[in-house]
Amino acid sequence: MRDPAPQLGHLTYPELRLKDNLLDENPNVIQFQSKYGSFQLHEPPTTDLGTLSRLPLELLQQVLYQLDIATIVDFRRVNRQAFTILDSVPAYHAIAKHARNALCGIIAIDTGKWITCGSLYKKLSTPECETCGDFGGYLYLLTCKRVCFLCLSENPLYLPLRISHACQKFGLSSKIVNKLPCMRVIPGTYSPNEKKVARCILVDYESARIAGITAHGSISAMTRFVSDLQTQKDEKYNARKAAVLSLGDRSTHIRRPPALDPYDALSGNPFRFGAIARVACLDIATQELERGFHCLGCERAKRLPLHYRRKFIVASFKDHLAQYGGIKNGEHHLN
Ligand SMILES: [Zn+2]
Ligand SMILES: [Zn+2]
C-alpha cells in the first residue's frame, strides 16, 4: 500500500473507525470470497480446451479480457487448462489478486453479465469517483462504477430501485425493466445504521431512467406520463375512500397508491450499500495500491466542500490545502 507523502502524514489519517456494512462485509460474501481464493491447482492440467486450443494464447487472452464476468467465471470451471489460461490474463490476475472482494460481490449479486473483465480492470485502475472527481474508494457493482462515499450515499444514481418502483417512477412495463441491469440482494445488514434487508431484486437507477426516456421519447414526455398516471391513481383512491366513508364504513381499509419517491434515508438507506465493495486503486505502472486518506482539517466537518468522508491522494490533497488553507488545531485556516 502506498503511504501519503511523508511531509503530509501529520495532516492526514488513513481510515475512519466506522463500519459501513457494505456488500463485501456481508458474511455470505466473505465466505464465498475465501472459498474462491483458496482454490488452487495442485496438479498440472491433463486435458486441453478442445477446439479452442487451436487459437494462439494471446488471442484467447484478448477474448477473455473482453468477455463478461459471468462467462469467464463459467469458463474457469471448465477444466484445469481453462483455469490456468484465465489466470494468465493480466487483467483477470490483477482483479483476482487486488479486487477479489469485488469479483465475488459481482458473482454473489449476479451482475456479472453486465460487466466485462476489461471494464472491471479499468475501474480497478482508475482513482477518481466518476460523479464528483474526488478519490473514490469504492466500486458500485451493479454497473461497475468507481464512486466515493458521499456520492454512493447521496446521489440518486447509486440508489438501486425495486422493480415496481422503477416501473412507476419512469413509466415502464416490468417486461422492459426485467431486461435492464438488475441485482439480487444478498439478505443481511447494510449501511452504517445497520438496516436489515431481505432477499429482493433491484434495478439500476440510471439504466431505468434512460429506458424510460427512450420509451417515452423525451424527459418531458416521460415526466408527463408518470405524473398523469399518478394523478389518476390518486383520484381513484380518493373516490373509493369517499364511497366507503359515505356508506358509514370505517373498517374497510383502502390502500393509498405508493409515493413516486419513497423516503430515501441516504447513508441510512440499506439499498445504497448492497452493491458496494471497498476497492483500492491499482497503479498499473508501479503495481502499488492507493487507498486514499482523510484530511485532519476536515475530521469534524460535515458540510461540503469540507467533509470528514472525503478522501484524497497526494495531488488532490495539495489542491485542497491550497484552496482551504493550512491546518491548525484540527481546522483549516486561510491566511
Ligand atoms: Zn463522488
Ligand atoms: Zn480538509
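In listed order, ligands and their atoms are each counted from 1. Position 1 is the first residue of the sequence, and the numbers go up from there.
Classified by interplanar angle (parallel below 30°, tilted 30° to 60°, perpendicular above 60°), the ring pair Phe149/Phe273 is tilted. Using a 30° and 60° split on the angle between ring planes, Phe317 and Phe293 fall in the perpendicular class, above 60°.
Screening Glu15, His294, Glu290 against Lys311 for a side-chain hydrogen bond (donor to acceptor under 3.5 Å, both in side chains) leaves a single residue, Glu15.
With the Zn ion (ligand 2) as the vertex, SG of Cys298 and NE2 of His332 span 110° to the nearest 10°. Rounded to 10°, the angle formed at the Zn ion (ligand 2) by NE2 of His320 and SG of Cys295 is 120°. Here the Zn ion (ligand 1) is the vertex; the SG atom in Cys129 and the SG atom in Cys151 give an angle of 110° (to 10°).
For the pair Pro270 and Lys195, the tightest heavy-atom approach, listed with the atom from each and the gap, is CG-CB, 3.6 Å.
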